[in-house]
Every structure is written in structure tokens, then in C-alpha cells.
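Chain letters run A, B, ... following the sequence lines, proteins first and then strands; every chain starts at 1. Please read these numbers as outputs of a predicted model, since none were measured by experiment.
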Number of protein chains: 2
Amino acid sequence: MSRRPQTELAVLGALSTGSMTGYEVRAAITEILGDFWHESFGQIYPALNALEQAGAIARSTPGRTSGSRFEITPAGTVLLRERLAEPHHATPPRNGLLLRLFFGTQLPPGRSRELLEAEIERAEVALARFAAIRADMDTEPPGAEHDYRALTLAYGEHHARAHLAWATEALRALPDRD
Amino acid sequence: MSRRPQTELAVLGALSTGSMTGYEVRAAITEILGDFWHESFGQIYPALNALEQAGAIARSTPGRTSGSRFEITPAGTVLLRERLAEPHHATPPRNGLLLRLFFGTQLPPGRSRELLEAEIERAEVALARFAAIRADMDTEPPGAEHDYRALTLAYGEHHARAHLAWATEALRALPDRD
DNA sequence: AACCTCATGTAACACGTTACATGATTAT
DNA sequence: ATAATCATGTAACGTGTTACATGAGGTT
């Protein structure tokens with residue numbers, strides 16, 4: 001089961017929304033997909049070169065104002081659709097927080113409380129950010145694109161609320177010594 | 001920021017619950033931590049050797065019935081506590097499902113529906129498994145260990161319920177053409 | 001005899017981060 | 001001028017999976 005580099009998929013997806021420099025691709029992925037996807041420069045630039053070699057994107061150096069901009073080619077659009085249709089493989093779980101809490105009796109006193117309080121804080125920050133995004137999104141024109149974006153936002157909201165509820169409940173259920 | 005190998009932490013944690021062969025360590029991690037942690041043999045055996053070198057675990061070959069069993073040493077217990085107390089770093093998100101749904105308009109017709117239905121199925125299976133674990137756990141002796149295990153189980157339950165609710169809702173909100 | 005599970009390991013590869021290096025443009 | 005941001009890339013390393021190889025012991 002050879003996993004195709006998913007970085008190319010994310011980069012291609014970003015470029016399907018408009019032409020960008022590599023730097024902007026990274027910014028777009030961080031800002032728009034940031035809650036469920038991450039790419040570093042060390043992945044993006046090689047991916048851009050590979051996609052260019054494959055003819056999926058084209059480099060243009062129009063006004064020579066700064067770096068070169070990339071845009072998706074018709075072949076690239078076909079490739080994007082193919083890759084998106086491929087099955088996704090859930091990444092094996094590696095949750096450091098849960099691992100620590102599972103062996104919670106081995107933690108220093110008070111540490112598990114700290115961990116849970118930090119999670120509550122994180123969930124609240126995420127929910128506030130999601131609320132802002134949703135307010136912003138309500139001003140967008142309706143349509144299929146909007147619906148799909150709302151769907152991914154709803155994912156973040158549901159899971160953040162669940163996380164908050166869990167951490168709050170867990171804090172109360174903590175053994176007395178902690 | 002050099003990430004210490006977390007595999008050693010999981011292996012040490014598993015061995016803190018009793019002596020095991022490498023094969024059993026893998027089974028224990030899969031069965032007990034499986035919902036939030038994963039290790040492959042390719043990681044476990046090198047980790048066992050490294051931990052043995054470091055004096056954190058000891059190999060014993062008692063009845064020579066089969067492979068050698070490992071048990072944690074006092075130094076290993078100290079090491080486990082140190083490692084558990086270290087801050088955990090959230091793994092950067094890479095959610096292939098969400099990436100595909102975000103670009104849902106590029107998916108073949110019906111594909112997003114399939115994806116969501118598969119998620120509902122997965123969440124329901126997970127919830128059934130959690131219910132069985134919880135029933136099992138209610139017969140355990142109470143105490144701090146029990147409390148911490150209940151806490152990690154509750155995490156799985158909260159998130160699985162949120163996932164189910166999201167996928168169900170998303171299915172209804174899908175654009176008409178899909 | 002064939003097969004399954006237990007058991008241990010290695011090698012090749014895929015994936016991804018981090019640190020480093022370098023320089024252009026733009027704002028203060 | 002100086003600093004911040006934009007921009008591009010490479011090299012080293014860490015981490016982790018998958019496929020392969022090998023063999024013991026027990027079951028059908």
C-alpha cells in the first residue's frame with residue numbers, strides 16, 4: 001500500500017483556488033485548512049517542483065515583482081480530482097495527552113489537573129476562532145462550495161465542544177489526590 | 001526541539017503493568033491503548049533493545065518456553081515518570097477525510113455521501129466497543145488507576161458521539177447534487 | 001502435512017520537521 | 001538604515017510503516 005504524497009494533494013487543492021507563490025500556498029493552507037491540515041516549507045517546495053515536472057502546475061514569472069507564481073493546469077485539475085477520489089487512510093493515532101493521562105497515577109501530583117486545564121483553554125480558544133469564521137462565512141454567497149466549507153467548519157465545532165465537555169467532566173472526576 | 005522517541009514511553013508504560021515479551025507488548029498497546037496510540041513491531045523491538053541498553057528494562061529467559069520476557073527495572077520506573085512528566089507535543093493535523101470534503105465540489109457525485117456514511121458506521125462501531133469496555137470496567141476495583149482509565153475511555157466516547165452527530169448532520173446538509 | 005499463532009528481527013522506504021542559508025521587497 | 005515580511009530552498013534528522021525473512025510450538 002504505497003501512500004502517495006498527500007502534500008501534493010493539499011498543494012494542488014490550494015492552487016485550484018487561484019495562482020500563488022509557494023509562500024502563499026503555505027499561508028493559504030495554514031489559514032484555511034489549518035485546523036485539519038499542516039504543511040511545512042520543507043514539504044511544499046519539493047512538492048511544487050514535482051508537480052511542475054509532472055505538468056500539473058505551471059510557473060509564471062509575470063512582472064518579476066517577486067518570486068514565481070504557480071497556477072494549476074488542466075492536467076493538474078484532472079490529477080486533483082483523481083487524487084481526491086482516492087481512499088484516505090486514517091493516520092495511526094498517537095495522542096500524547098491521552099497516553100499521559102492513561103498512566104496518570106505515575107504523574108507528579110497536580111500535573112493531570114494542569115493538563116486538563118490547558119485542554120479546556122485550547123478548546124475555548126478554538127471555539128472562539130470557529131465562531132468568528134462562521135460569522136464571516138455567513139456573508140459568503142451560497143452554493144456548493146460554501147456548503148462544503150461549512151461542513152468542515154462544523155467538524156471543528158463538534159469536536160471542540162466535545163473536547164471541552166470531556167475535559168471539564170474529567171477535571172471533576174479526577175482522583176482526590178490530584 | 002528534539003522529540004524524544006515516544007515509542008519508548010509507550011513501551012515502558014506497557015511494561016509497568018507487568019512483564020511481557022515484545023509480542024505481548026504490541027498486543028497490550030493495541031488492545032488497551034489502541035484508540036489513541038499505535039506501535040508497530042518495527043518500532044517496538046528496537047525500542048526494547050534501547051531500553052535494555054539504558055538499564056530501564058531487564059530481559060529474563062526463565063523456562064525458555066518461548067521468547068524472552070522483559071520487565072521494568074527501578075531505573076525504568078524513574079525514567080517512565082520523567083518521560084510522562086515531559087510536555088507532550090500535539091502531532092500536526094493531517095486529516096485526509098476533511099481535506100477531501102473541503103474540496104468536495106471536485107469529488108465524483110455521490111462520493112462525499114459515501115465518505116460520510118462510512119464515518120457514521122465507524123463511529124457506531126467505536127461506540128459499541130466503548131460500551132463493552134465500560135461495562136467491563138464497572139466490575140473493576142475502584143481507585144486512582146480505574147479513574148484514569150475511565151477518563152481516557154470517556155475521551156473516546158465524547159469524541160465518537162461528536163463525530164457521529166457531525167457526520168449525520170453533514171449528510172443532511174450535503175448539496176443537492178451530491 | 002498444513003496451518004495458525006507466537007515470536008523476533010531487518011531493510012527499504014515514506015513522510016515530515018527543524019535548522020540553516022540566502023536574498024529581495026516593503027514599511028518605519 | 002533598519003527591521004519586518006516575503007520568498008525559496010537544502011540538509012540532517014527523527015519517526016514510523018511495510019514487506020520480508022525466519023523459526024518455534026501447538027492444532028486440525
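- Closest to the A:His38 side chain, of the nucleotides D:dG16, C:dT8, C:dT17, is C:dT17.
- What separates CD of B:Glu39 from C1' of D:dT18 is a distance of 15 Å, to the nearest Å.
- Remark: B:Arg111 does not engage A:Glu86 in a salt bridge, criterion side-chain N to carboxylate O under 4.0 Å.
- Among the nucleotides D:dT17, C:dT8, D:dG9, the one closest to any side-chain atom of B:Ser40 is D:dT17.
- Atom pair B:Phe41:CZ and C:dA12:P shows a separation of 21 Å (rounding to whole Å applied).
- Between the P atom of C:dC6 and the CZ atom of B:Arg69 lies a distance of 13 Å, rounded to the nearest Å.
- Taking atom CE of B:Met20 as the reference point, atom P of C:dT8 lies 13 Å away to the nearest angstrom.
- Listed nucleotides: C:dG16, D:dT8, C:dA7. Nearest to the side chain of A:Thr21: D:dT8.
- The CG-P distance, from B:Asn95 to C:dC15, rounds to 17 Å in whole Å.
- Atom CZ of B:Arg161 has more than 12 neighbouring heavy atoms from other residues, nucleotides or ligands inside a 6.0 Å radius.
- Atom C1' of nucleotide C:dT17 and atom CD of A:Gln6 are separated by 17 Å, given to the nearest angstrom.
- Applying the ring pair (Phe, Tyr, Trp, His ring centres under 6.0 Å) test to A:Phe36 and every residue at least two apart in sequence or in another chain returns nothing.
- Distances shown here put a side-chain N or O of B:Thr7 below 4.0 Å from the OP1 or OP2 atom of D:dG16.
- In this structure B:Tyr23 satisfies the ring pair (Phe, Tyr, Trp, His ring centres under 6.0 Å) test together with B:Phe41, sequence neighbours excluded.
- Rounded to an integer number of Å, the gap from CZ of B:Arg26 to P of C:dT5 is 14 Å.
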Atom pairs and distances, side-chain donor-acceptor, residues 42-51 of chain B, under 3.5 Å, sequence neighbours left out:
residue, atom, partner, partner atom, Å
B:Gln43, NE2, B:Thr7, OG1, 3.1
B:Asn49, OD1, B:Arg59, NH2, 3.1
B:Asn49, ND2, B:Tyr45, O, 3.4

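- Rounded to whole Å, the distance from CG on B:Leu51 to P on C:dT8 is 15 Å.
- The listed nucleotides are D:dC6, C:dG16, D:dT17; the one nearest the side chain of A:Tyr23 is D:dC6.
- Of all the residues in residues 42-49 of chain B, B:Gly42, B:Gln43 reach under 4.0 Å from DNA chain D with at least one non-hydrogen atom.
- Of all nucleotides listed (C:dA7, D:dT17, C:dG16), C:dG16 comes nearest to the side chain of B:Arg94.
- Every residue two or more places apart in sequence or in another chain that forms a ring pair (Phe, Tyr, Trp, His ring centres under 6.0 Å) with B:His159 is listed here: A:His159, A:His163, B:Tyr155.
- With sequence neighbours excluded, the residues forming a side chain to side chain contact (heavy atoms under 4.5 Å, CB included) with B:Glu145 are A:Thr105, listed by chain and number.
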